Amino acid sequence: MTTIATDALEETAPRTAPRPPFLRGARGRWDWLGALPYLAFTALFMVAPVFYLVTGAFQHPDGGFTLQNIRDLAAPNIAASYWLSIRLSLASALIGTVAGLLLAWAVVLGGLPSWVRSAVTTFSGVASNFAGVPLAFAFIATLGRIGLVTVLLRDLFGFNLYGTGFSLFSFWGLALTYLYFQMPLMLLVVTPALEGLKPDWSEAAASLGASRFQFWRHVGAPVLAPSVLGCFLLLFANAFGTLATVIALTGSNFSVVPILLFQQIRGNVLYNPNLGYALAVGMIAIMAVSNTLYLMLRARAERWQR
Amino acid sequence: MRRGTPILSTVIVLLGAAYFLVPLYAAFQFSLQMKRGELSLEAYRSVLSSSVFLSTLTFSAVASFAAIAMGALLVVPTVYWVRLKLPRLRPVVEFLSLLPLIIPPVVLVFGHIRLFGSNSVLPLTMTASGTNVLLVMGYVVLSLPYMFRAVDNGMAAIDIRTLTEAAESLGASRIRTIAGVIFPNVRSAIVSGAFLTFSICLGEFVLASLLNRPAFGPYMVQLGQDYAYEPAALAILSFALTWTLMALMQLFATRSPGRRRRAPLKTSTTP
């Protein structure tokens, strides 16, 4: 109503009285100046640095255009880094998606008292922000060589965790640590989708004689699928960019792509600055694809949540 | 839907709780064991009495506050102005605010170091104060998605057009309208954006480390390589701090005039 009234005022006001000052410049030629500080800031500190890296990725060290740097990303050590990063991100995103979805289902639809849900949700808000160095320290105290759980397993059950080949400072140890911020993130982003499963639908299905399995197979799963897939991609990107946790756990010995780039910035370990730019551009490309797909899937999923 | 499920969902929640709470308990227990054979707060005393701890924490806190101030000054007038005058620019502005989510911090700082390095027109990394400025700018970029989202939601919940009309018909200048009317009305949104910014920047490692700043994140990593018990104490302190910040944020978020995305017909109808 308010907007309609304002529009009407805008149409009729000039004939009867001078327009109020806030409308006078409504189509002012200089209005765009108001957005200039923001546009200048983002151009200078976000777009220009990325542009610099992108152009550098397609140049020889002496300045000419080349695709050689992009081709060099297929060199064994770099390809191995990407492959390790992708596998770790996939594993951690998959575990996070399944665990987060189960937990979200349990607290949203599981028939538990509502305080459980608010406790879990609040805790998730904290835990999804509890990443980086302190998280690594907490896991070292838990699953490190003299961590609480490692020692308990040894003393109580005679089970030597590190004898099985497990190490906190290797692939599965990292995946397990990532879960600490992946599972809460999944819970937070997938909860609206689970809430969107309206009770009417399951009642309607039941009154038509559908079993619970049939309901989930034909209604629940198809409605949830875009959300869950989108959240999986968000978790994938989240894991792919993780660096501080890895450094605090492994001290840059575990060469995922962010670590390799970190070392390249520190000391040009690739002996080719332009290959470093290509490495960075490859990271942006992977992040951009997974985040764009996430946003598209989320837009699709939101159709059911109105 | 609810037939027979509580057992299964109870088991899931208990497993989840165990996964979340065991590392916290382990870190806590570990942090108490610095003195052999007894439980003591020695690790905490050792951390808190270190002058490096204090100086790096202060440095990072100042950098975070600078990033918050800079971010708010950048985002609030822009969101206001775009909503009021430049609705067609909105997709661009919103897209730019989301860009940091696809630029990993390590890539961002790489670009910064190259673009503002020794042979650039703006050689920020050549002086300590210039590098500090660059660090704060990096933090503003990292927190931009969160600050923007918070302020944009806050702005959607108030009727900025009517407020502007009212302020200007009472003779307020543009600056005064923004400072005296719009800012106070989105204060709680700014505060929640500020808390998120703070929790991102305070222990931030990648930018601070690659720019060689004496910040808290690199200090924590160094501590983790040199000591055993102090890092566990730091983890507990840091978790407590994150928890406090989130609690404060919840408090401010629920006190905001309304968290709907659409502006109500009249402002402040929701309790």
Side-chain angles (χ1 to χ4, degrees), chain A residues 1-2 6 20-22 31-32 34-35 37-38 41-42 45-46 48-50 52-53 102-103 106-107 109-112 116 120 122-123 125-127 129-130 132-134 136-142 147-149 180 199 202 241 243-244 247-248 251 258 261-262 265 280 283-284 287-288 291, chain B residues 1-2 5-6 9-10 12-13 16 20 22-24 26-27 29-30 74 78 81-82 85-86 89 93 96 99-104 106-108 110-115 137 141 159 161-162 164-165 168-169 199 203 205-206 210 217 220-221 224-225 231-232 234-235 238-239 242-243 246 265:
Chain A
M1 286 300 267
T2 330
T6 322
F22 78 101
D31 279 352
W32 60 272
Y38 179 85
F41 174 87
T42 48
F45 290 104
M46 221 159 70
V50 170
Y52 185 95
L53 297 177
L102 282 175
L103 191 60
V107 298
L109 301 171
L112 293 170
V116 175
V120 170
T122 310
F123 187 87
V126 179
N129 279 291
F130 184 63
V133 188
F137 291 165
F139 267 81
I140 291 172
T142 312
L148 182 77
V149 171
Y180 206 90
S202 66
L243 173 52
I247 285 200
L261 188 56
F262 187 83
I265 300 170
M283 276 189 83
I284 299 178
M287 299 287 275
N291 272 302
Chain B
M1 294 283 285
R2 297 181 193 284
T5 45
S9 48
T10 308
I12 292 174
V13 170
F20 282 123
V22 166
L24 293 178
Q29 213 222 28
F30 207 72
L74 197 63
T78 305
W81 194 248
V82 167
K85 296 278 189 178
L86 305 164
L89 207 59
V93 169
L96 285 171
L99 262 191
L101 294 180
I102 66 163
I103 308 172
V106 64
V107 172
L108 182 77
F110 192 21
H112 280 181
I113 289 172
R114 294 296 152 151
L115 195 63
M137 294 306 167
V141 172
D159 188 345
R161 195 167 282 277
T162 308
T164 307
E165 183 182 349
E168 301 211 336
S169 64
S199 76
F205 170 75
V206 178
L210 288 172
M220 285 199 290
V221 169
Q225 283 165 2
L234 261 186
S238 156
F239 190 78
T242 315
W243 186 264
M246 292 300 137
L265 294 183

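Proteins come first, then strands; the chains are lettered A, B, ... in the order of their sequence lines, and each starts at number 1. Not measured: the values here are computed from a predicted model.
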Answer with side chain, backbone, both or neither: which region of [X] has an atom nearer than 4.5 Å to a non-hydrogen atom of chain B?
X: A:F41; answer: side chain
X: A:Y52; answer: side chain
X: A:A35; answer: both
X: A:L53; answer: side chain

Between [options], which has the largest tally of heavy atom pairs under 4.5 Å with chain B?
options: A:A280, A:P49, A:A48; result: A:P49
options: A:A248, A:A244, A:G34, A:G241; result: A:G34
options: A:F137, A:F139, A:F123, A:Y180; result: A:Y180

Legend entry - Part of B:I12 within contact of chain A (heavy atom distance under 4.5 Å): both
Legend entry - Part of B:I113 within contact of chain A (heavy atom distance under 4.5 Å): side chain
Legend entry - Sub-4.5 Å side-chain heavy-atom contact between A:T142 and B:F30: no
Legend entry - Student check: side-chain heavy atoms of A:Y38 and B:L89 closer than 4.5 Å: no
Between chain A and each of [options], count heavy-atom pairs under 4.5 Å; write down the option with the most.
options: B:V221, B:V206, B:L115; answer: B:L115
options: B:V13, B:L101, B:L210; answer: B:L210
options: B:F205, B:W243, B:F110; answer: B:F110
options: B:A232, B:P104, B:P231; answer: B:P231

Grab the two heavy atoms, one from [X] and one from [Y], that are nearest each other, plus how far apart they are.
X: A:I265; Y: B:V106; result: CD1-O, 3.7 Å
X: B:S9; Y: A:G110; result: OG-O, 2.9 Å
X: A:M287; Y: B:I102; result: CB-O, 3.4 Å
X: A:M46; Y: B:L99; result: CE-CB, 3.5 Å
X: B:P6; Y: A:L112; result: O-CD2, 4.3 Å

Legend entry - A:D31 CG to B:W81 CH2 distance, which is reported to the nearest 0.5 Å: 5.0 Å
Inset, instruction - Starting at CG of A:N291, measure out to CD1 of A:I284 and round the result to the nearest 0.5 Å. - result: 12.0 Å
